[in-house]
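All values reported here derive from a predicted model rather than from experimental measurement.
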Amino acid sequence: MTLVLAGFVKGAIGSGVPLIVVPIFTVLYDIQTAIVVLLVPNLLSNMLQVWRYRRHLLPLRFLAGFAVAGGVGVLLGTWALVSINEKLLSITVAVTMLAYLGLRVLRRDAELGYALANKLVIPAGLCGGVLQGAVGMSAPVSVAFLNFMRLERRVFIGSISTFFAAITVVQLPALLSVGLVTWPLAMASVVAFLVIWLAMPLGGRLGQYLARDVFDKVIMALLFLIAMRILLDALLTSVNG
């Protein structure tokens, strides 16, 4: 049921699978299992959405810079993981996200124009990749960055899926190199993808009826849930520690 819901949300808004699946799988198994099981779904579902929305992507140069910077960031984040305070980083990210959402609520007309976004795309991609490598989630930067551009739904989904697919490609050899990918988990990952893939068209049909302002609010709600999850995880870690 968790995977079906994740596929539905993915089809509707182009993001949200880790937010739904990782907490449940972490409780049932562990974080390493959750990451490996989502490997194939993250890669293939995003590639499918890139193909589906290929006529609605942001300019190639923009996306290439975003994706390549994200890949570099993943490597830096993975390397830095052993030397940074993960909890402090996570809390900083969550507070920054809440500040961004507060700005959007107070300044509803605020928007990141393409000219400025084009200047910020490399730093945004790099920061998103670093977060993916360090704490396993790029959305606080990558999704927020594209959301602030106020993109039309198809452009947003195709573009964010390009970024997600690129950083997953970088993560794949990293997970293989440390021996986390086993045959049973690889098969579970394929099965998870099939379930998510079957549910995605249902969400896609619903998403077609979302007006632009409603879609924008759904993405903001997703970001809010991510921030709350980060803060809750940090709180639980402090209590258990």
Side-chain angles (χ1 to χ4, degrees), residues 6-19 41-71 73 97 100-101 103-105 107-129 131-132 137-169 196-197 199-226:
F8 185 84
V9 173
K10 176 67 175 173
I13 66 175
S15 185
V17 171
L19 175 65
N42 281 343
L43 180 61
L44 296 186
S45 65
N46 283 303
M47 290 178 68
L48 286 172
Q49 289 195 312
V50 171
W51 176 255
R52 179 178 181 182
Y53 297 104
R54 65 191 182 279
R55 301 185 187 278
H56 306 281
L57 300 174
L58 286 166
L60 179 59
R61 183 176 179 181
F62 184 96
L63 279 182
F66 194 36
V68 171
M97 285 176 63
Y100 161 72
L101 293 172
L103 172 66
R104 289 294 311 278
V105 171
R107 296 281 304 276
R108 296 184 180 182
D109 58 340
E111 180 176 342
L112 181 63
Y114 180 79
L116 181 56
N118 196 40
K119 296 178 181 178
L120 298 176
V121 65
I122 299 299
L126 188 65
C127 289
L131 286 182
Q132 183 68 28
M137 187 177 298
S138 73
V141 172
S142 59
V143 172
F145 176 65
L146 294 186
N147 173 251
F148 202 15
M149 294 178 68
R150 307 291 287 273
L151 301 172
E152 189 266 333
R153 173 181 173 270
R154 293 171 297 180
V155 178
F156 177 89
I157 293 178
S159 300
I160 196 61
S161 295
T162 300
F163 181 81
F164 287 157
I167 61 177
T168 304
V169 167
I196 290 173
W197 173 60
M200 283 173 60
L202 299 175
R205 291 192 186 98
L206 173 65
Q208 292 175 358
Y209 297 101
L210 293 177
R212 180 171 177 175
D213 61 331
V214 174
F215 178 75
D216 184 62
K217 291 176 182 176
V218 170
I219 296 297
M220 289 177 63
L222 175 68
L223 291 171
F224 177 77
L225 289 175
I226 292 173

| request: Tell me, yes or no, whether the heavy-atom count around Y114 atom OH, taken from other residues, nucleotides or ligands under 6.0 Å, exceeds 12. | output: yes
| message | For a 4.5 angstrom cut-off between non-hydrogen side-chain atoms, does V105 reach M220? | response | yes
| task | Show your reasoning for whether side-chain contact (heavy atoms from CB on, under 4.5 Å) applies to N46 and F163. | result | CA-CA 9 Å; N46 283 303; F163 181 81; over 6 Å; no
| field | Shortest non-hydrogen contact between L131 and P140, atoms and distance | value | CD1-CB, 4.1 Å
| request: Quick one: pull up OG in S159 and CG in L151 and give me the separation to the nearest 0.5 Å. | output: 6.0 Å
| query | Please walk me through it: do V50 and M47 pass side-chain contact (heavy atoms from CB on, under 4.5 Å)? | reply | CA-CA 5 Å; V50 171; M47 290 178 68; 5.5 Å; no
| query | Which heavy-atom pair separates F215 from I157 by the least distance, and what is that distance? | reply | CZ-CG1, 4.4 Å
| remark: S15 and V9 have their tightest heavy-atom pair at O-CG1, 3.4 Å
| query | Which atom pair, heavy atoms only, marks the closest approach of S138 to I167? | reply | OG-CD1, 3.7 Å
| Validation row: C127, F145 side chains within 4.5 angstrom (heavy atoms) | no
| message | Would you say the rings of Y53 and F156 are close, in the sense that their centroids are separated by under 6.0 Å? | response | no
| query | Which residues pass the side chain to side chain donor-acceptor pair (under 3.5 Å) test with N147, sequence neighbours left out? | reply | Y100, R104, D216
| Can F8 and L206 be said to form a side-chain contact (heavy atoms from CB on, under 4.5 Å), step by step? | CA-CA 9 Å; F8 185 84; L206 173 65; 3.5 Å; yes
| request: Would you mind reporting whether F164 and N42 have side-chain heavy atoms less than 4.5 Å apart? | output: no
| field | Value rounded to 0.5 Å, distance of OG1 in T162 from CG in L57 | value | 5.0 Å
| Approximate separation, where rounding is to 0.5 Å, of I160 CD1 and L58 CG | 10.0 Å
| Within a strict 4.5 Å, meaning less than it, do heavy atoms of the Q49 and M200 side chains meet? | yes
| query | Nearest heavy-atom pair of A124 and V141: which atoms, and what distance? | reply | O-CG1, 3.3 Å
| task | Would you check if the side chain of R153 reaches a backbone N or O of A12 as a donor-acceptor pair within less than 3.5 Å? | result | yes
| task | Mind checking the CZ-CG spacing from F66 to L146? Nearest 0.5 Å is all I need. | result | 4.5 Å
| query | Hey, does the side chain of E111 reach the backbone of G113 with a donor-acceptor pair shorter than 3.5 angstrom? | reply | no
| request: Enter the distance from I219:CD1 to L210:CG here, rounded to the nearest 0.5 Å. | output: 9.5 Å
| field | Crowding at CZ, R54 (>12 non-hydrogen neighbours, <6.0 Å) | value | yes
| field | Euclidean distance, I196 CD1 relative to L48 CG, rounded to 0.5 Å | value | 11.5 Å
| query | Are side-chain heavy atoms of L43 and V169 found at a separation under 4.5 Å? | reply | yes
| Does the pair K10 and S161 meet the rule for a side-chain contact (heavy atoms from CB on, under 4.5 Å), with working shown? | CA-CA 10 Å; K10 176 67 175 173; S161 295; 3.9 Å; yes
